*Asks:* 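Starting off with a structure, shown below.
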Amino acid sequence: MRRLRAVRGAIRVGSDGRDAVLDATERLLRAVLERNTLAPSDLVSVVFTATPDLRAAFPAEAARRMGLGSVPLLCAQEIDVPGAMTGVVRLLAHAETDAEALVPIYLDGAEALRDDLA
């Protein structure tokens with residue numbers, strides 16, 4: 001039975017360059033879709049956040065480059081907590097799926113954000 005589920009993910013971005021932000025975001029989104037066997041048509045919406053040091057591009061632009069322009073996309077700035085990891089793009093994707101649970105994806109050092117997944 002298809003249900004609405006949500007899946008989280010994050011990736012560290014090497015620098016605040018436009019290509020770096022967009023390429024990392026695309027890599028993260030592709031990994032979330034592939035690992036969870038989701039098609040773009042399964043997506044209901046995707047919320048992206050970026051740490052305050054990443055300002056060169058909107059992460060949602062990477063999703064539009066992938067052909068997800070009909071999926072509602074939203075970008076926001078992550079809370080600027082002292083000592084928090086910098087250079088991170090996060091996502092929360094909502095999808096209709098038969099899966100009982102979706103697998104969160106953390107890449108390129110962002111795994112450190114989730115001790116419970118180690």
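In what follows, residues are counted from 1 in the order of the sequence shown. Not measured: the values here are computed from a predicted model.
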*Asks:* Can you get from L38 to V71 by hopping between Ile, Leu, Val, Met, Phe, Trp and Tyr side chains that sit under 4.5 Å apart?
*Replies:*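 Same hydrophobic cluster.
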
*Asks:* Between L68 and P40, which heavy-atom pair has the shortest distance, and what is it?
*Replies:* CD2-CB, 3.2 Å

*Asks:* Hydrophobic cluster mates of M1, side-chain heavy atoms under 4.5 angstrom, ILVMFWY only, any path?
*Replies:*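 Via sub-4.5 Å side-chain contacts, M1 links to none.
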
*Asks:* Looking only at atom types and distance, does a side-chain atom of S45 sit under 3.5 Å from a main-chain N or O of P72, one as donor and one as acceptor?
*Replies:*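 Not at all, since once roles are kept as given, no pair shorter than 3.5 Å links the two residues.
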
*Asks:* Between R5 and E96, is there a salt bridge with N-O shorter than 4.0 Å?
*Replies:*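 Salt bridge flag = no for R5 with E96.
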
*Asks:* Tell me whether N36 contacts the main-chain N or O of L102 through its side chain, where contact means a donor paired with an acceptor under 3.5 Å.
*Replies:*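 A pair under 3.5 Å: no.
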
*Asks:* Backbone N or O of L91 within a donor-acceptor pair of the R8 side chain at under 3.5 Å?
*Replies:* yes

*Asks:* Using atom types as modelled and distance alone, determine if a side-chain donor or acceptor of D98 lies under 3.5 Å from a backbone N or O of R2.
*Replies:* yes

*Asks:* CZ of F58: more than 12 outside heavy atoms within 6.0 angstrom?
*Replies:*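 Counting other residues, nucleotides and ligands, CZ of F58 stays at 12 neighbours or fewer.
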
*Asks:* Quick one, V46 and H94 - any side-chain contact, counting heavy atoms below 4.5 Å?
*Replies:* no

*Asks:* Is there side-chain contact between V89 and R12, with heavy atoms separated by less than 4.5 Å?
*Replies:*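 Heavy-atom side-chain distance check fails, nothing below 4.5 Å.
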
*Asks:* Got a donor-acceptor contact below 3.5 angstrom from the E26 side chain to the A24 backbone?
*Replies:* no

*Asks:* Just jot down the salt bridge (charged side-chain N to carboxylate O under 4.0 Å, His left out) partners of R3, sequence neighbours excluded, or say none.
*Replies:* none

*Asks:* Test of understanding: clusters of I, L, V, M, F, W, Y form through side-chain heavy atoms closer than 4.5 Å, transitively. Do I11 and Y106 belong to the same one?
*Replies:* no

*Asks:* Compare every heavy atom of A31 with every heavy atom of L107, then report the nearest pair and how far apart it is.
*Replies:*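 Heavy-atom minimum between the residues: CD1-CB, 4.2 Å.
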
*Asks:* Calculate, to the nearest 0.5 Å, the distance between atoms CG and CG belonging to D42 and L4 respectively.
*Replies:*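 Going from the CG atom of D42 to the CG atom of L4 covers 11.0 Å.
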
*Asks:* Do F48 and T25 have side chains that get closer than 4.5 Å, going by heavy atoms?
*Replies:*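 Yes, their side chains come closer than 4.5 Å.
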
*Asks:* Using a 3.5 Å distance criterion without hydrogens, assess whether the side chain of T51 forms a donor-acceptor pair with backbone atoms of G87.
*Replies:*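 Indeed, once roles are kept as given, a pair shorter than 3.5 Å links the two residues.
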
*Asks:* Taking D53 for its side chain and T86 for its backbone only, find out whether a donor-acceptor pair lies under 3.5 Å.
*Replies:*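 Not confirmed, D53 side chain does not pair with T86 backbone.
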
*Asks:* Any side-chain heavy-atom pair from L73 and R64 closer than 4.5 angstrom?
*Replies:* yes

*Asks:* I'd like to know if D23 pairs up with R65 as an ion pair, taking the criterion as any Lys NZ or Arg NE/NH1/NH2 lying under 4.0 Å from an Asp or Glu carboxylate oxygen.
*Replies:*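 Salt bridge flag = yes for R65 with D23.
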
